[in-house]
Amino acid sequence: MTFSGLFVPLVTPFTSAGDVAYDAVAKLANEVLDEGATGVVALGTTGEPATLSAAERRGVVEVCIEVCLDRGAPLIVGTGTNSTTDSERALAALDPRIAGALTVVPYYTKPSRRGVIEHFRRLGAVSPVPLLIYNIPHRTGCVLDVETLCRLAELPNIAGFKHAVGAVDETTIAWLAAAGAHTDVLCGDDLYASPLLALGARGAIATCANAAPAAYAELVAAWRDGRVDAARELGNRLAGLAQAVFAEPNPVVVKAVLAAQGRIPNAAVRLPLLAAAPETTAAALAALHRLG
């Protein structure tokens, strides 16, 4: 399949006792789909997968599969580590009803570009679902050039990329020009969603869309349909929300906003994250209010 449109990387709500609130996961997934999202992402960075147990991760995925099957919406699941062997095992065990696996560039170990290519060649060979490569160098410590990105796009079972380099830099411009009709590139930085859509990204995986799904769905649609003035104006307004939401580590602020909206039980996160400061939450709520 092709990956385009808005995919919302769901937060993982917790109960007052600290357990995963699976009912709230399902509710939030349905809400963002009601508001125009194309699909959802389970166990992305926004979902705090590193602090969930294996059983909790399976539970979140099962809930999201049920919602997406019922709604006819694609589900992307975050998986993979900096170990090729462990990533192969995790991918091989994925439910084939999932539309795609969001698989991060190996982090911390800083492999060579040849090593990155071989890593994804092996993962693509064992995965029962298409892979979306998550390119986020400020977290992985691994910077990929355009030549490497193009070689990755040619590998079997690589369906696209989440591009989150924290800038509209020379590589981003050249990569989107080269990607063209050959692969699907989704913007992974909320602040740069509008510029990357203007440059040719097929859609976005946007944390802020947990709180403002309709606005982000409209942003993607406006750029897709060539409504440039409307897209530019909305993108400029959404930039303020992104700046407010990412004033503290993801997803502490967006969870605080969702809790204030009454859409999840509380704003709890798990250590090493801490809850958002009241003033940060207030600033994000004000930015959301300005969207109208």
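Both backbone and side-chain heavy atoms feed into the values below; hydrogens, waters and symmetry mates do not. Because the structure is a prediction, the values reported are computed rather than measured.
- Residue L132 is not grouped with residue L196 when hydrophobic side chains (ILVMFWY) are merged at heavy-atom distances under 4.5 angstrom, including chains of intermediate members.
- At least one side-chain heavy atom of F161 sits less than 4.5 Å from a side-chain heavy atom of L149.
- In this structure, the separation between SG on C64 and CG on L28 is 9.0 Å, given to the nearest 0.5 Å.
- Every pair tested for salt bridge (charged side-chain N to carboxylate O under 4.0 Å, His left out) that includes a residue from residues 158-174 fails, sequence neighbours excluded, so the list is empty.
- When atom types are taken as modelled, the side chain of N157 and the backbone of L131 share no donor-acceptor pair closer than 3.5 angstrom.
- Taken together through direct or relayed side-chain contacts under 4.5 Å among Ile, Leu, Val, Met, Phe, Trp and Tyr, V185 and V143 form parts of separate hydrophobic clusters.
- Within the structure, every pair that satisfies the side chain to side chain donor-acceptor pair (under 3.5 Å) test and touches residues 275-287, not counting sequence neighbours, is listed here: E248-T280.
- Contacts of T84 classified as side-chain hydrogen bond (donor to acceptor under 3.5 Å, both in side chains), with partners at least two apart in sequence or in another chain: H119.
- Cluster membership for W223 and L6, using ILVMFWY side-chain heavy atoms within less than 4.5 angstrom, is shared.
- Evaluation of the salt bridge (charged side-chain N to carboxylate O under 4.0 Å, His left out) test over residues 43-55, restricted to residues two or more places apart or in two chains, returns E48-K255.
- Side-chain N or O atoms of S53 include one that pairs as donor or acceptor with a backbone N or O of E56 at under 3.5 Å.
- Of all heavy-atom pairs spanning P265 and P13, the tightest one is CD-CB, 3.9 Å.
- When atom types are taken as modelled, the side chain of N266 and the backbone of F14 share a donor-acceptor pair closer than 3.5 angstrom.
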Mind running side chain to side chain contact (heavy atoms under 4.5 Å, CB included) on V129 and D95 for me, showing each step along the way? CA-CA 8 Å; V129 301; D95 191 311; over 6 Å; no
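- Taking F120 as the reference, nothing meets the ring pair (Phe, Tyr, Trp, His ring centres under 6.0 Å) condition, with sequence neighbours excluded.
- Annotation: side-chain hydrogen bond (donor to acceptor under 3.5 Å, both in side chains) contacts of T46 (sequence neighbours excluded): T207, N250.
- Among residue pairs with one or both ends in residues 59-75, those qualifying as side chain to side chain donor-acceptor pair (under 3.5 Å) are N30-R71, D34-R71; sequence neighbours excluded.
- Applying the side chain to side chain donor-acceptor pair (under 3.5 Å) rule to pairs touching residues 9-28 yields K27-E31, sequence neighbours excluded.
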CA sep, side-chain torsions, deciding dist, call: L144, V105, side chain to side chain contact (heavy atoms under 4.5 Å, CB included): CA-CA 9 Å; L144 303 182; V105 170; 3.9 Å; yes
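- Residues F246 and L191 are not in side-chain contact: their nearest non-hydrogen atoms beyond the backbone lie 4.5 Å or more apart.
- Inter-residue side-chain proximity for I136 and V165 is flagged as unmet; no heavy-atom pair is nearer than 4.5 Å.
- In this structure, the separation between CG on L234 and CG on L291 is 7.5 Å, given to the nearest 0.5 Å.
- In the hydrophobic cluster analysis, where Ile, Leu, Val, Met, Phe, Trp and Tyr join through side-chain heavy atoms closer than 4.5 angstrom, V20 is grouped together with I65.
- Side-chain contact between V8 and Y216: absent, with no pair of heavy atoms (C-beta onward) separated by less than 4.5 Å.
- The shortest heavy-atom contact between G5 and T38 is CA-OG1, 3.4 Å.
- At a threshold of 4.5 Å between non-hydrogen side-chain atoms, the residues I158 and L123 do not count as touching.
- Proximity of V77 to V60: side-chain heavy atoms (C-beta onward) are nowhere separated by under 4.5 Å.
- Side-chain contact check for L197 versus L219: some heavy-atom pair is nearer than 4.5 Å.
- Partners of P128 by side chain to side chain contact (heavy atoms under 4.5 Å, CB included), not counting sequence neighbours, listed by chain and number: L94.
- Residues that satisfy the side-chain hydrogen bond (donor to acceptor under 3.5 Å, both in side chains) test with E147, not counting sequence neighbours, are absent from this structure.
- Looking only at distances, a side-chain donor or acceptor of R270 sits under 3.5 Å from a matching main-chain atom of T51.
- Enclosure of atom CZ in R263 by more than 12 non-hydrogen atoms of other residues, nucleotides or ligands within 6.0 angstrom is indicated.
- The backbone N or O of T81 sits less than 3.5 Å from a side-chain atom of S87, completing a donor-acceptor pair.
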Show your working on side chain to side chain contact (heavy atoms under 4.5 Å, CB included) between C208 and L238 and close with a plain yes or no. CA-CA 9 Å; C208 293; L238 285 171; over 6 Å; no
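- Going from atom OH of Y134 over to atom OG1 of T45 covers 4.0 Å, rounded to the nearest 0.5 Å.
- In the hydrophobic clustering of ILVMFWY residues, with side-chain heavy atoms under 4.5 Å counting as a link, I205 and V40 come out apart.
- Note that the CZ atom of R57 and the OG1 atom of T79 stand 8.5 Å from one another [nearest 0.5 Å].
- Atoms CG and OG1, from L152 and T183 in turn, are 9.5 Å apart once rounded to the nearest 0.5 Å.
- Going from atom CH2 of W175 over to atom CG of D145 covers 11.0 Å, rounded to the nearest 0.5 Å.
- No side-chain heavy atom of H163 sits less than 4.5 Å from a side-chain heavy atom of D189.
- A salt bridge (charged side-chain N to carboxylate O under 4.0 Å, His left out) check over residues 200-224, counting only residues at least two apart or in different chains, returns the pairs D184-R202, E218-R227.
- The salt bridge (charged side-chain N to carboxylate O under 4.0 Å, His left out) pairs that include a residue from residues 114-131 are E88-R122, E118-R121, where partners are two or more places apart or lie in different chains.
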